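For clarity, every value in this text was computed on a predicted model and none was experimentally measured. In the text below, chain A, chain B and the rest are named by the order of the sequence lines, each starting its count at 1.
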Amino acid sequence: MSTVRVRFAPSPTGYLHIGGARTALFNYLFARRQQGTFILRIEDTDTVRSTQQSVDEILKAMKWLGLSWDEGPYYQSERFSLYKDKVQQLLREGKAYRCYCTPEELEQKRERAMAEGRKPKYDGTCRECGKASEGTPFVVRFRSPDSGATTFSDLIKGPISVQNDELDDIIIQRSDGTPTYNFVVVVDDVEMGITHVIRGDDHVNNTPRQILMYQALGAPLPAFAHVPMILGADKTRLSKRHGATSVMSYEEMGFLPEALVNYLVRLGWSHGDQEIFSMGELIEKFSLENVGRSAGVFNPEKLLWLNSHYIKSGDPARLATLLQKQLERMGLGVADPEKLPAVVRLFQERDKTLEEMAKNAAFLVRKAPEFDGTAVEKFLTEANRGLLETLIGALEKCEPFTHEAVEKCVEKIMAETGLKMGKVAQPIRVAITGGTVSPSVFEILPLLGREETLERLRNALALLK
RNA sequence: GUCCCCAUCGUCUAGCCCGGCCUAGGACACCGGCCUUUCACGCCGGCGACGGGGGUUCAAAUCCCCCUGGGGACGCCA
C-alpha cells in the first residue's frame with residue numbers, strides 16, 4: 001500500500017462541469033494507479049453561495065462517471081473551529097495580523113493601482129498598526145515576505161518561480177470570522193495528509209502563497225501537479241456559451257460515461273497513438289508525466305465519435321435500459337421493454353447518442369408512426385397501391401414472420417413485378433416508420449410483428465395520394 | 001497594465017527531456033471512391049502542422065535567446 005493521498009475539492013456553487021470532471025478523473029486515476037487514497041472534499045467556506053443541491057449534483061455526476069472516492073466527502077463548513085485555531089496560531093506567532101481596512105477603501109486602491117499600471121496588491125496599511133479599537137470589524141491577513149522568491153517544481157509544468165514581492169498579504173479570515181479558500185485549502189491538505197495536489201492550471205498563481213503558508217504552519221510540502229485548462233472553440237476558457245458544460249447534461253443527451261471519461265482523459269493526456277481506453281486500462285497506464293503542458297480545446301465532435309464507438313460495442317441489454325430512459329424522457333412509455341435489446345442491436349451501428357437512438361427508434365414504440373409530409377407525398381402514391389396491396393396479401397401468409405421469410409416474400413414480389421429493391425423498400429419504410437430513413441425493412445417488420453406491420457400497411461393505403 | 005504559464009495539421013495529440021531513424025506519425029472533422037433497399041456503419045484514398053527571427057551544431061520540431069500570439073491570475077469566490 002502506497003502512502004499516496006490525493007483529493008478532489010469542488011466548491012458546491014453549481015453542477016460538476018467538464019473541467020472539474022477531468023481534474024477529478026486525473027486525481028482518481030493517479031490514486032488508483034498508485035494504490036493510494038482518493039479523497040473527496042467539499043469546499044463550502046463561502047456559505048452564501050454553497051448549496052446542498054450542488055453537492056448532491058456533484059456526487060451524482062462523480063458516481064455516474066465511476067469516480068469512486070475512498071474518504072469523504074468532508075465538508076469544510078464543518079471544520080471552521082479547526083481553521084479558527086490555525087488562524088489564532090498564526091496571529092500569536094505574528095505570521096498573520098488584523099486588518100481594519102474597509103472593502104470600499106481596498107476597492108479604490110485596487111482601481112488606482114490598475115489605472116497606474118501597477119499590480120493591484122494590498123499596500124500593507126495595517127501591517128504594523130497593532131491593536132485597534134474593540135468592536136471595529138477586521139479581517140485577518142497572512143504576512144508574506146517582501147523579499148526573496150518562492151520556487152517549486154510542478155510535476156506537469158516543471159520549475160515555477162515567483163518573486164515574493166509579487167505576493168500581497170492575502171485575507172485568510174473574513175470579517176464575519178469565516179476562513180477563505182487559500183488558507184483552508186492549505187490547512188486541510190496538511191491535516192488530511194495530502195501528498196499530491198492535482199488541480200487546475202488556474203491555481204498556479206495561488207501555489208507560491210500557499211507554499212508560504214505551509215511553511216508558516218511548519219508543514220511539509222506536497223507535490224503539485226497543475227493540469228492545463230480546457231478551452232472552448234474560440235480558445236477562451238470553457239463556459240456555458242460554448243455549449244453544455246455540465247457533466248450530467250451529457251447523460252441527458254445520451255452519452256455513455258465511458259465515452260466521456262475516455263474523451264476527457266485524452267484531452268491533455270496521451271499514451272502513444274492509442275485512442276480507446278477502458279477505465280481499467282487507464283488505471284494501468286495513467287501517469288502525470290504524460291499529461292501535456294498546454295491548454296486544450298474541447299471538441300464535441302470527437303466526444304461524439306467516442307460515444308458512437310461505445311454504443312457500437314456496448315452490451316445491448318445494458319443499452320436497452322438506457323434507451324428506455326431516453327424514450328421515457330420523450331414521453332414515450334415502453335409497453336414491452338423485453339424487446340428493447342433487439343431494438344438496440346438494430347440501431348447501435350448507426351446512432352451516435354442514445355438520444356438519437358430514441359428518436360430513430362421511436363416509431364417502434366409509438367402506436368402509429370409520425371408521418372413526414374414529404375416522404376408521404378413521394379412514396380405513398382396511388383401508383384403504389386397495387387404494390388402495397390400485393391404486399392399485404394403476401395405478408396398475411398408469410399410464415400414464419402422472420403427476417404429471412406419476409407425478405408423472400410418481398411423478393412418474390414420483386415420478381416413478379418420487375419420492381420427493384422429501392423422501389424419496393426421505400427414505400428414500405430414510409431408506411432411503417434413514417435419517414436425515409438431507418439434500418440433494413442426486413443429487420444424492422446419482424447420486430448414490429450405481423451399484426452402491427454399489417455395494420456400500418458393498411459393504414460397507409462388510406463393515406464395514398 | 002503587472003505577474004505566471006503555454007506554443008506540432010481546423011481540433012486532440014505522437015515525436016522534444018537523451019539533436020540525425022521525421023520527405024513529422026495517429027485520431028476526430030472535412031473531401032473523394034467503394035459497399036448499398038433509405039440513412040448510417042464499414043473499407044480504401046486524399047487534404048492538412050513544427051508561429052517568426054536569431055543563435056549553438058556537421059545536423060534542430062527537438063537545445064538557448066528574443067519577438068509574436070494565446071491562456072490564466074491579480075476578490076472579505078473557489
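Between C17(B) and G10(B), the distance separating the two C1' atoms is 29 Å to the nearest Å. To the nearest whole angstrom, the two P atoms, one in U57(B) and one in C74(B), are 45 Å apart. The gap from the P atom of G25(B) to that of C6(B) amounts to 27 Å, rounded to the nearest Å. Taking atom C1' in both G54(B) and U11(B), the straight-line distance is 31 Å, to the nearest Å. Distance noted for atom P between C22(B) and G42(B): 30 Å (whole Å). The C1' atoms of C43(B) and C5(B) are separated by 44 Å, rounded to the nearest whole Å. When the P atom is compared between G70(B) and C9(B), the two are found 16 Å apart, to the nearest whole Å. Rounded to whole Å, the P atom of U23(B) lies 9 Å from the corresponding atom of A61(B).
Among pairs with a residue in residues 406-423 of chain A, those fulfilling side chain to side chain donor-acceptor pair (under 3.5 Å) read His403(A)-Glu407(A), at least two apart in sequence or across chains. Sorted by first and then second residue, the salt bridge (charged side-chain N to carboxylate O under 4.0 Å, His left out) pairs with a member in residues 102-112 of chain A read Glu107(A)-Arg110(A), Lys109(A)-Asp123(A); sequence neighbours excluded. Residue pairs meeting the salt bridge (charged side-chain N to carboxylate O under 4.0 Å, His left out) criterion with at least one partner in residues 47-59 of chain A, sequence neighbours excluded, are Asp46(A)-Arg49(A).
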Each nucleotide N or O in nucleotides 60-70 of chain B that has a protein N or O under 3.5 Å away: list the pair and distance.
none

What does the list of N/O pairs under 3.5 Å between the protein and nucleotides 14-19 of chain B look like, with a distance for each?
from   : atom 1 : to        : atom 2 : distance (Å)
A14(B) : OP1    : Ser270(A) : OG     : 2.8

Protein-nucleic acid N or O pairs under 3.5 Å, nucleotides 36-38 of chain B:
from   : atom 1 : to        : atom 2 : distance (Å)
U37(B) : O2     : Arg429(A) : NH2    : 2.6
U37(B) : O4     : Ser440(A) : OG     : 2.5
U38(B) : O4'    : Gln426(A) : OE1    : 3.4
U38(B) : O2'    : Thr436(A) : O      : 3.2
U38(B) : N1     : Arg429(A) : NH2    : 3.3
U38(B) : O2     : Thr436(A) : O      : 3.0
U38(B) : O2     : Ser438(A) : N      : 3.0
U38(B) : O2     : Ser438(A) : O      : 3.3
U38(B) : N3     : Arg429(A) : NH1    : 3.1
U38(B) : N3     : Ser438(A) : O      : 2.4
U38(B) : O4     : Ser438(A) : O      : 3.3
U38(B) : O4     : Ser440(A) : N      : 3.4

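Checking G42(B) for Watson-Crick or G-U wobble geometry (two distances, each under 3.5 Å) identifies C34(B) as its partner. Base pairing analysis places G75(B) opposite nothing; no Watson-Crick or G-U wobble pair with both distances below 3.5 Å involves it. Here C16(B) sits opposite no nucleotide as a Watson-Crick or G-U wobble pair (both hydrogen-bonding atom distances under 3.5 Å). Across all strands shown, C28(B) pairs with G10(B); the Watson-Crick or G-U wobble distances both stay below 3.5 Å. Nucleotide U57(B): unpaired (no Watson-Crick or G-U wobble partner with both distances less than 3.5 Å).
Whole-Å rounding puts the Glu356(A) CD to A40(B) P distance at 11 Å. Note: NE2 (His226(A)) to C1' (A73(B)) measures 11 Å, nearest angstrom. C3(B) atom C1' lies 13 Å from atom CG of Asn164(A), rounded to whole Å. For the pair Phe183(A) CZ and C76(B) C1', the interatomic distance rounds to 15 Å; values are reported in whole Å. C5(B) atom P lies 18 Å from atom CZ of Arg237(A), rounded to whole Å. When rounded to the nearest whole Å, the span between CZ of Arg41(A) and P of A78(B) equals 13 Å. Spacing between atom CG of Asn262(A) and atom P of U13(B) amounts to 14 Å, rounded to whole angstrom units. Following rounding to the nearest Å, Lys109(A) (NZ) and G75(B) (C1') show an atom-to-atom distance of 16 Å.
With sequence neighbours left out, the salt bridge (charged side-chain N to carboxylate O under 4.0 Å, His left out) criterion links Asp234(A) to Arg241(A). Leu463(A) meets the side chain to side chain contact (heavy atoms under 4.5 Å, CB included) test with Phe371(A), Leu380(A); sequence neighbours excluded. Glu166(A) pairs by the side chain to side chain donor-acceptor pair (under 3.5 Å) definition with nothing, not counting sequence neighbours. With sequence neighbours excluded, the residues that form a side chain to side chain donor-acceptor pair (under 3.5 Å) with Lys157(A) are Asp201(A). Residues forming a side chain to side chain donor-acceptor pair (under 3.5 Å) with Glu289(A) (at least two apart in sequence, or on another chain): none.
In this structure, Glu43(A) reaches the sugar-phosphate backbone alone: every heavy-atom distance under 4.0 Å involves primed, P, OP1 or OP2 atoms, never a base. Within 4.0 Å of Asn206(A), counting heavy atoms only, lies at least one base atom of the nucleic acid.
Side chain Thr180(A) to base C76(B): no donor-acceptor pair is found below 3.5 Å. No hydrogens or angles were tested; on distance alone, a donor-acceptor pair under 3.5 Å links the side chain of Asn205(A) to the base of G72(B).
Among C28(B), A7(B), A78(B), the nucleotide with an atom closest to any side-chain atom of Asn299(A) is C28(B).
Salt bridge annotation for Arg7(A)-Asp188(A): absent, with no cationic side-chain nitrogen under 4.0 angstrom from a carboxylate oxygen. Under 4.0 Å is where a charged nitrogen must lie from a carboxylate oxygen, and between Arg199(A) and Glu43(A) no such pair does.
Near-neighbour residues of RNA chain B inside residues 301-313 of chain A, defined by a heavy atom below 4.0 Å, number-ordered: Glu301(A), Lys302(A), Trp305(A), Lys312(A).
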Trace of the ring-ring contact (aromatic ring centres under 6.0 Å, His included) decision for Phe26(A) with Phe8(A): CA-CA 9 Å; Phe26(A) 283 7; Phe8(A) 175 56; over 10 Å; no
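Between the side chain of Tyr214(A) and the backbone N or O of Pro222(A), no donor-acceptor pair lies under 3.5 Å.
In terms of position on RNA chain B, the residue among Lys352(A) and Gln274(A) whose nearest nucleotide sits closer to the 5' end is Gln274(A). Take the nearest nucleotide of RNA chain B for Asn182(A) and for Lys121(A): the residue whose nucleotide is more 5' is Lys121(A).
Relative to the ring axis of Tyr122(A), Arg141(A) places its NZ or CZ within 45° and under 6.0 Å from the centre.
The one candidate from Ile160(A), Val162(A), Asn164(A), Thr151(A) that meets the side-chain contact (heavy atoms from CB on, under 4.5 Å) condition with Pro208(A) is Val162(A).
A distance below 6.0 Å separates the ring centres of Phe286(A) and Trp269(A). The aromatic ring centres of His196(A) and Phe30(A) sit less than 6.0 Å apart.
Regarding the sugar-base torsion, C4(B) falls in the anti class, its angle being beyond 90° of 0.
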